[in-house]
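Structure, as structure tokens:
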Protein chains: 2
Amino acid sequence: MHSAQESASRPPARKSFRATQFEAREGAILDVTNQLLAVRGYELMSMDDIAAEVGIAKGSLYKHFASKDALAVAVMLRLLRRTSEALDALPDALPAVAQLRALLEWVLRERLAGGVPHLPSTSAAVREALTRSRDYVDLLIAVSERIGTLIHRAQADGAIDSHYREEFLLYHFYARSCDPTLDFLRESGALSEEDIVEQMTSATFEGLAP
Amino acid sequence: MHSAQESASRPPARKSFRATQFEAREGAILDVTNQLLAVRGYELMSMDDIAAEVGIAKGSLYKHFASKDALAVAVMLRLLRRTSEALDALPDALPAVAQLRALLEWVLRERLAGGVPHLPSTSAAVREALTRSRDYVDLLIAVSERIGTLIHRAQADGAIDSHYREEFLLYHFYARSCDPTLDFLRESGALSEEDIVEQMTSATFEGLAP
DNA sequence: GTCTATAGTCTGATAGAC
DNA sequence: GTCTATCAGACTATAGAC
């Protein structure tokens, strides 16, 4: 389907007004879907809801995305692209473990700002659609390799205990970025957003023991 | 097949054969629902599937449970009851932190044996049904209080860092018991079940740092 | 608007507990 | 032999993808 990516920069008005509108609408659709996906989950999010929330006709939705699956994949792909960019932006000078910590903090802040967690929280349908998306799988592999490298370096540095298996650490790291503790704490209102991020990253890297 | 509740001992045949059959069937329904819930999630699990898998007519399903909601709640309630019993079975002599660790290990092993995670993984519908269930909410509060007490004691003992807020620790503990890392690792096959439990609990209590 | 999926209901037939 | 629970499955109603 049509590009979901960089609606960003606008060089000397190369695009028609129509095309700009089209892209802006696509961005709005992705934003709304992201929000609904985060709040209600895939199965309980209807295409009618999305159209209504964006303020467009349902038919227009299908001009942008061929199916509900494709729309969900586009949202998850956008998130993964942003994550990959955040990974690019990490200062190389930082020790590997500090880079991992910074990445986790970035992801948690994204979620606090209303983003979906990386994993299709629960939906078998979305998971399946993602694994069928070439773009998604390729980028996921690339990102995983880079995180794997950081993990490896952190272990070599002695900053992560080497009794942990690499497979475990990678999955653990993904799971931390999707941890529902964040949602519970946000809903309970007991901690500030800063405290949520601090306690969650601290528990991940230092554990609960003093 | 493991009996759900106590189909076990048969004192002087107090129950009619019919009643016994009825209870056995109810256990089978709960087992099947538990499994489908774990594998496909609430929205993608249909009542027809359940009936077919149990090997009974759909109408009979409704003799046992008034609705799909009620069935899901029954499964989650049974799990919570078992968890409460596991909590009862913890040796009082053990330090609080060791009891928490043992409970987490118990929950993870239950999941490895095919159980649903405690949180209605993703479904807003199930979560809502649970909060409407008096039995569930009451037991959840009771269990949470007991876990809260253990956490408090562990902090007093100096076994859990006291800079962590109690709200955080309780939610964190629940989230660990539902952690998707377990599913990833089981699917990948890279670690044995024992190793999965060990690495996950170790990461929770000692963290990643050596 | 069309079409499929599925929750939930109802019925007549039948097996098997009592 | 009676009676009742269960069966198969048709059926209704509704939601939601497209």
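Per chain, numbering begins at 1; letters A, B, ... match sequence-line order.
Under the ring pair (Phe, Tyr, Trp, His ring centres under 6.0 Å) criterion, B:F184 pairs with A:Y171, not counting sequence neighbours. Not counting sequence neighbours, A:D195 has no partner by the salt bridge (Lys or Arg N to Asp or Glu O under 4.0 Å) test. Residues forming a side-chain contact (heavy atoms from CB on, under 4.5 Å) with A:A203 (at least two apart in sequence, or on another chain): A:L208, B:Y164, B:F168, B:H172. Partners of B:E110 by side-chain contact (heavy atoms from CB on, under 4.5 Å), not counting sequence neighbours, listed by chain and number: B:W106. Take A:D31 and apply the side-chain contact (heavy atoms from CB on, under 4.5 Å) test, not counting sequence neighbours, and it matches A:R78. With sequence neighbours excluded, no residue satisfies salt bridge (Lys or Arg N to Asp or Glu O under 4.0 Å) with B:E187.
With rounding to whole Å, A:L61 atom CG is found 15 Å from D:dG16 atom P. Going from atom NZ of B:K63 over to atom P of D:dT4 covers 13 Å, rounded to whole Å. Rounded to whole angstrom, the span from the CG atom of B:D49 across to the C1' atom of C:dA7 amounts to 12 Å. The separation between A:L44 atom CG and C:dA7 atom P is 13 Å, rounded to whole Å. One can place CE of B:M45 at 18 Å from P of C:dA5, the figure rounded to the nearest angstrom. The distance from atom CD of A:E43 to atom C1' of D:dA17 is 13 Å, rounded to the nearest whole Å. Look at CG on B:L71: it is 11 Å from P on C:dA7, rounded to the nearest Å. Rounded to an integer number of Å, the gap from OH of B:Y42 to C1' of C:dT6 is 12 Å.
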Watson-Crick and G-U pairing of DNA chain C, under 3.5 Å, as dot-bracket with | and [ ] | ||||||||||||||||||
Could you run down the sub-3.5 Å N/O contacts of the protein with nucleotides 8-13 of chain C?
{"residue": "C:dG8", "atom": "OP2", "partner": "B:Y62", "partner atom": "OH", "Å": "3.4"}
{"residue": "C:dG8", "atom": "OP2", "partner": "B:K68", "partner atom": "N", "Å": "2.8"}
{"residue": "C:dG8", "atom": "N7", "partner": "B:K58", "partner atom": "NZ", "Å": "2.7"}
{"residue": "C:dG8", "atom": "O6", "partner": "B:K58", "partner atom": "NZ", "Å": "2.8"}

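Sorted by first and then second residue, the ring pair (Phe, Tyr, Trp, His ring centres under 6.0 Å) pairs with a member in residues 58-82 of chain B read B:F22-B:H64; sequence neighbours excluded.
Side-chain contact of A:S144 with A:Y174: a donor-acceptor pair under 3.5 Å is present, judged by distance alone.
The side chain of A:S46 lies closest to D:dG16 when the candidates are C:dT6, D:dG16, D:dC7.
Taking 4.0 Å as the cut-off between side-chain N and carboxylate O, A:E85 and A:R81 do not count as a salt-bridged pair.
Using a 4.0 Å heavy-atom criterion, one finds that B:I56 contacts the sugar-phosphate atoms exclusively.
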